[in-house]
Number of protein chains: 6
Amino acid sequence: MQNEINAFIGCESGFDEASAVIFGAPFDSTTSYRPGARFGPAAIRGESFGIETYSPYQDKDLSDIRVFDSGNLELRFGSPESALEDIENRTAEILSAGKLPVMLGGEHLVTLGAFRACAKKYDNDIYLIHFDAHADLREEYLGQRLSHACVIRRCHDIVGDGRIFQFGIRSGDREEFLFAKNHTEMFPTKVQGVDFGALPRVIERLKGKRVYLTIDFDVLDPAFFCGTGTPEAGGASFNEILEAVIMIGRELDIIGADLNELSPHYDQSGASTAIACKLLRELLLAVLCP
Amino acid sequence: MQNEINAFIGCESGFDEASAVIFGAPFDSTTSYRPGARFGPAAIRGESFGIETYSPYQDKDLSDIRVFDSGNLELRFGSPESALEDIENRTAEILSAGKLPVMLGGEHLVTLGAFRACAKKYDNDIYLIHFDAHADLREEYLGQRLSHACVIRRCHDIVGDGRIFQFGIRSGDREEFLFAKNHTEMFPTKVQGVDFGALPRVIERLKGKRVYLTIDFDVLDPAFFCGTGTPEAGGASFNEILEAVIMIGRELDIIGADLNELSPHYDQSGASTAIACKLLRELLLAVLCP
Amino acid sequence: MQNEINAFIGCESGFDEASAVIFGAPFDSTTSYRPGARFGPAAIRGESFGIETYSPYQDKDLSDIRVFDSGNLELRFGSPESALEDIENRTAEILSAGKLPVMLGGEHLVTLGAFRACAKKYDNDIYLIHFDAHADLREEYLGQRLSHACVIRRCHDIVGDGRIFQFGIRSGDREEFLFAKNHTEMFPTKVQGVDFGALPRVIERLKGKRVYLTIDFDVLDPAFFCGTGTPEAGGASFNEILEAVIMIGRELDIIGADLNELSPHYDQSGASTAIACKLLRELLLAVLCP
Amino acid sequence: MQNEINAFIGCESGFDEASAVIFGAPFDSTTSYRPGARFGPAAIRGESFGIETYSPYQDKDLSDIRVFDSGNLELRFGSPESALEDIENRTAEILSAGKLPVMLGGEHLVTLGAFRACAKKYDNDIYLIHFDAHADLREEYLGQRLSHACVIRRCHDIVGDGRIFQFGIRSGDREEFLFAKNHTEMFPTKVQGVDFGALPRVIERLKGKRVYLTIDFDVLDPAFFCGTGTPEAGGASFNEILEAVIMIGRELDIIGADLNELSPHYDQSGASTAIACKLLRELLLAVLCP
Amino acid sequence: MQNEINAFIGCESGFDEASAVIFGAPFDSTTSYRPGARFGPAAIRGESFGIETYSPYQDKDLSDIRVFDSGNLELRFGSPESALEDIENRTAEILSAGKLPVMLGGEHLVTLGAFRACAKKYDNDIYLIHFDAHADLREEYLGQRLSHACVIRRCHDIVGDGRIFQFGIRSGDREEFLFAKNHTEMFPTKVQGVDFGALPRVIERLKGKRVYLTIDFDVLDPAFFCGTGTPEAGGASFNEILEAVIMIGRELDIIGADLNELSPHYDQSGASTAIACKLLRELLLAVLCP
Amino acid sequence: MQNEINAFIGCESGFDEASAVIFGAPFDSTTSYRPGARFGPAAIRGESFGIETYSPYQDKDLSDIRVFDSGNLELRFGSPESALEDIENRTAEILSAGKLPVMLGGEHLVTLGAFRACAKKYDNDIYLIHFDAHADLREEYLGQRLSHACVIRRCHDIVGDGRIFQFGIRSGDREEFLFAKNHTEMFPTKVQGVDFGALPRVIERLKGKRVYLTIDFDVLDPAFFCGTGTPEAGGASFNEILEAVIMIGRELDIIGADLNELSPHYDQSGASTAIACKLLRELLLAVLCP
């Protein structure tokens, strides 16, 4: 009789043969509005058996690739810095084994830990593609510099101007939008909706470069994804994000990725969790399956 | 003083004068993921008083037609074959009285019972239009041939190639999509969304033929219809389905129809149940009201 | 130490310096289907801290304008007439101080109280723009003339033909749609969805005239706004309403406005409440910020 | 094929042969805190199939007695007086046929309608046993005399001092408790819990007299019955109420009864609705089955 | 890097050194009222990290014993007989390795599979202690003999009269209570509540005999445990069950045990799931820790 | 027109004339299991209008005393030390004005801030009465010394042995119970339930001494109070806690008090929030009203 393994569907390969490693970062201590993203990774794994391993969109199957799911990190609630260290260490370990780290948040601050590890490995010569409703460009928030609302600003501290591409943004204070004008490439949302029109050009520009992809699920409109702490109307449809993820995964050299801010308590129907599962499947297939 | 009758709004006609008969098939024993479709028919009836009997889309009113609502069948949980028999018998009874059977599921397996009765009556010379997120074309599922995941395959066993038209499909295993290539007319969903573009041509082709219409509500995107056991992103909008239903109802010779897989426990707001009510109203008006 | 004030985010100005005054009308006694709109105003205030005061759509901030939030009226449940009187009095008080009244419902009947005050002040020379899923044009409903289902008809009693413009309507009985043909300007919803195409022309026509704006949140499709008592599929997207509100707020002389029918019990995720907050912010900025 | 009848389990007898008649009074317009009691009667009927018709407590079965369930009244929301009239008329009709009226509320105000009919029939020579958390003895509430918070005071207006017996009371303002000291027989709840110790003496005193029994489900502790608009801790256990109901039903001449204030929206688990069903069964068996 | 194991807290021992083996039987296909018990085992494991491994009641710790959690069986929905076979096989495998089988249901029918395996091993010379709200003694239910409502009757088919002891029973039809009078030792619930007074005598009588213990969580009053498909008021308190479980576990020779009918969808607060975890901990400690 | 004040019912007195000051500490960043206690204070204020200001238990009314509600502190999520400082400062400010501080948590860690301020003012010559399900005596938890699971240990660091009295405890690790044996006065819960029998003796012993009272709502059994992050079965009934609070409030010299760990997301029915309101009312009346 065997132990039952706790893994995302179709990701039961061993560590050594895997080309990608999933891990959960169930942390949400700096969440200022509605916590619960800590439950995201467990929900994604638990509900992954409601989807198929096969993608009719890409005509690929998770059984064609090899992914190891290493479960969740045990992070210290109330201590952002030590949580980020643990995340950075886990990411570095995966990178040094030559595998792709794929992190499941948690609040968006967790991105900083994984991004630090990638930046260190590649001497800061990396790019960031960021899908989100919120700019996350504050210098500090409620007195803290390590906050979900500052995470992209902290990434900017590391890689500097011209390397961060932001899509779907439709919330922030005036200063964040001003900062973006001068320091990041932001394609903000319009009255008529999100604007992903520049994505093909961005992809063209980033070809051959190392790209870290971070997706805050609230880039999706709450109609499609209500299971998140700070729902912000006027976002992307599922199909818009699906198309973007497949395009990015296929065309670019992804060195790390994360999916954040699923808060299952606000997902009474399970539809948001199902989207999270589906996007993870599509991302893995787009990046790993030639 | 009279008994209160338990019927869908505006469907209080007697059996004899009715041209259509509604019945519920509250069965979900083979549901492998999240049960609850058994509560669908009761929810549709109970909440039907939240909509009007009048359709501004079609400028028709349920008071213009005659429908009898015969309530729910009592089906044996845990025994798919006997449940299908009971459904087949009820459908045959309605057909032999020259009336249109309209079934409310329940899980999608219930379609097989009604479809069998129709096929028998017309010597298998019938066609099937199928709206769904899932292909439901497995030969067997978890060791069973009578499963919600096999129901269209079982219908294919009866009528054979070229008579089944599938719209909205975006989930299944690789074999199901391969099977569809050779045996059914499937118009699968694309990265950009569902593709109903072929519907006018299909309708043209089926004019004058006998058509059974089965709608799994999960053909709708979970943004519009989250109250279902297996929500699958990337589906149709309400208006897309509404237009399809009215077109099919008006143009084709519908010999039987069903609406399946509303699971009200996942419909906290009631919006999915309200859609189910509205689509049933529009279907009845489109088919029955000249 | 100070008392904590209960106000919508960014609306903490004093009464005297304010150019607009918010008040809540938490009344839902005539709601015939599912009550709960009484909890709408409290939810909007309480959750307003989940949004920013800055609008990237308009590049304006609530800190640029002055709004006083006077809290909720205490209305008598079970007594529609006395509730309407209290609402009329509060609105008149705001109008006589030369400020814009902005009411948060409550069921839609509350509009009548505020509309009466405006009509009195301007000798009935006012116009009404109405966004809603329901026509609300009944002469009476369940034996009552003061009902949510009659509220626009009661407004018509006051201002007469040709002054009421209705958008998004997709539910009602046959008589209401007939009444609209002869007495209001209705742009009913089509099978393909809402039709706001006439809005620019309507705005052109109403320039320079006094306009009262009433929005029943159920004009939005339940995909975007499920937190309401009578969800009606086939409605507007958030972006469609956002665009309409900004256009109307900027171009027309708004003399009063209300937002109605948020019922937070049906908004498990909070996404509807967040939309209500966001639309209120955008409305205030569009009307008040030059 | 027959219509499906909408009735409480085991209460499918015809009107003529029935010795008791159930009807629903789905009214909650004066509810000042959290509405929803209007959904109580439908929930009780719908969920009654989760209990048995047999009571092991009394060794009796609903199949041994004859009860007719006449469904719900259609009451005017927003108009307490007309709702009370309709309730009084229905009750009078049942009384004049020599049958026992059993009403399912609704908010507690509905009791007044049924009590009026009973008082008229018996020239005010009737007694009232009242189980509740709240005294309901206000002269007026929020400016209204016809309010749930005044209902027992209105009954006192009819029958006067010494005829009203109140159990379980643990909430009210000071004036209500003072009024009770002089005008009703109240056995208020203590710090240690409800006090039904006087019940046997009260029963002894009321033997041979005509008694109307009204139960507000919130007399139960919210641990046992949380599905109500105004949960008030420190109440009775299920067994305490069960024992009281059986004792009263067996020993006294019950001329009318009601069960009120189930609000199913606050009963996520269904446990409160199940208690309501079970108490209704036990009450019917205790009163009707010798 | 290791895989994360999916196990009940403190039960991470290997199979070989374990003295007890937990397995889940997530089956609920014959549930006639409200399904969802299939989600019970996953909920118990997932939420077990909310409790401690240490019991202050017994001053024992799960770290003092060795338990292997083998995860969930994959059972065929819609096929009770094949599900029972799989359960029987797993139980037999555990028994033949000399370990204690501890099953987590699932609906109560699953008990039959484990009980069959135990009976076979010991030539039917075993006894059954049964805690439940429902008698489960029907000869058949809705046309099926393999139903949750018949499971104890099926056990009686195997071991015959005088070997089954039933506590907490307060629901069933008249025939079941008559059957119990002649064939089982039932201590039915009274108007004043459950009656466990006979338990010490029963324990005395069963000392030295082989006992299978089955607990349907609905033996608990819904106040304490509302997360179950058929809540039945008038049940045991948590402390009453806790005391019974510890007494039985310490005094008797338990050869198999199961805990059934947690349906987490009805446990919004998680309190029922927490009780399930706590009782499992106490049971393991009482039986296994000298 | 006035601003609406956000205060607990009946606590609208000004700061200067008040004898007690309420403040909220909406912090839950160290919560390791299920966060949400941050929403507790807002829920208590918002729902306080569902209870009366009059207590029939004590025959006292909030209108007889003077309490100022200063609203919620803005605390830094993710930074326990700075949150504790802010709490300590607010408490000190209230103490130095000669008023009683009454804090509403938040997770239990917040007690440390208020307790520090009281200890400083009285040179550590204070006593602590602690009601809780959990011992909270860990030296550290998940690597942190400032954690909800360590809060009473941190209080012990300040006042030392013999000054802490713990009631209701039924969860912790072995070391905590050993620590309690030597350093605190713990009256742990038994198999039969909580044991408050020693309370009168403790009160006798503490007469004339300065006592800080901290109540974690999870001392209540989840049957009575399910709205908390870590429900632990086997707790106190509402009446047991009510009696204890009144006794302590009347007999002892309370220098500070707090009520913690209401997590309204787990309180679907609102019954837990209603208990929190009621206990706060009773506490204020017992302490302040002679």
Side-chain angles (χ1 to χ4, degrees), chain C residues 25-40 42-43 72-87 89 105-110 112-113 136 138 140-151 154 227-230 261-268, chain D residues 25-40 42-43 72-87 89 105-110 112-113 136 138 140-151 154 227-230 261-268:
Chain C
F27 182 83
D28 60 8
S29 281
T30 83
T31 301
S32 46
Y33 188 48
R34 304 192 304 183
R38 70 177 65 184
F39 303 113
N72 281 354
L73 295 177
E74 279 206 31
L75 302 171
R76 292 188 212 174
F77 290 108
S79 180
E81 192 44 77
S82 70
L84 289 176
E85 270 171 43
D86 291 349
I87 292 167
N89 291 340
E107 60 158 90
H108 210 164
L109 179 62
V110 298
L112 183 57
D136 289 354
R138 280 170 160 94
E140 68 160 41
Y141 188 61
L142 300 177
Q144 297 215 82
R145 298 181 76 248
L146 292 181
S147 160
H148 63 98
C150 311
V151 62
R154 291 293 84 74
T228 193
T230 315
E261 296 284 4
L262 167 65
S263 191
H265 284 204
Y266 300 107
D267 179 33
Q268 191 269 343
Chain D
F27 183 83
D28 59 9
S29 282
T30 83
T31 302
S32 45
Y33 187 49
R34 304 191 305 181
R38 69 177 66 184
F39 303 113
N72 281 355
L73 294 177
E74 278 205 31
L75 301 172
R76 291 189 212 173
F77 290 108
S79 180
E81 191 45 77
S82 70
L84 290 176
E85 271 171 43
D86 291 349
I87 292 166
N89 291 340
E107 58 158 272
H108 209 164
L109 179 62
V110 299
L112 183 57
D136 289 353
R138 280 169 160 94
E140 68 160 43
Y141 188 62
L142 301 177
Q144 297 214 80
R145 299 181 75 250
L146 292 181
S147 160
H148 64 98
C150 312
V151 61
R154 291 294 85 75
T228 193
T230 313
E261 296 283 5
L262 167 64
S263 191
H265 284 204
Y266 301 107
D267 180 32
Q268 191 269 344

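By convention in this document, chain letters (A, B, ...) are assigned in the order of the sequence lines, proteins followed by strands, and residues within each chain are numbered from 1.
Atom CD in Glu81(D) sits 12.5 Å away from atom OG in Ser79(C) (nearest 0.5 Å). Here the straight-line distance linking atom CD of Gln144(C) with atom OG of Ser82(D) works out to 6.5 Å at 0.5 Å rounding.
With a 4.5 Å cut-off on non-hydrogen atoms, Phe39(C) touches chain D through its side chain but not through its backbone. In this structure, chain C has a heavy atom under 4.5 Å from the side chain of Arg38(D), while its backbone stays farther away.
Formation of a donor-acceptor pair under 3.5 Å by the Ser29(C) side chain with backbone atoms of Ser29(D) is found in this model.
Inter-residue side-chain proximity for Tyr266(D) and His265(C) is flagged as met; some heavy-atom pair is nearer than 4.5 Å.
Of all non-hydrogen atoms in Pro80(D) and Gly78(C), the two that sit nearest each other are CD-O, 3.2 Å. Annotation for Gly36(C) and Pro35(D): closest pair N-CG, 4.4 Å, computed over non-hydrogen atoms.
More than 12 heavy-atom neighbours from other residues, nucleotides or ligands sit within 6.0 angstrom of CD on Glu140(C).
Contact count versus chain C (heavy atoms, under 4.5 Å) is highest, among Leu142(D), Asp28(D), Leu109(D), for Leu142(D).
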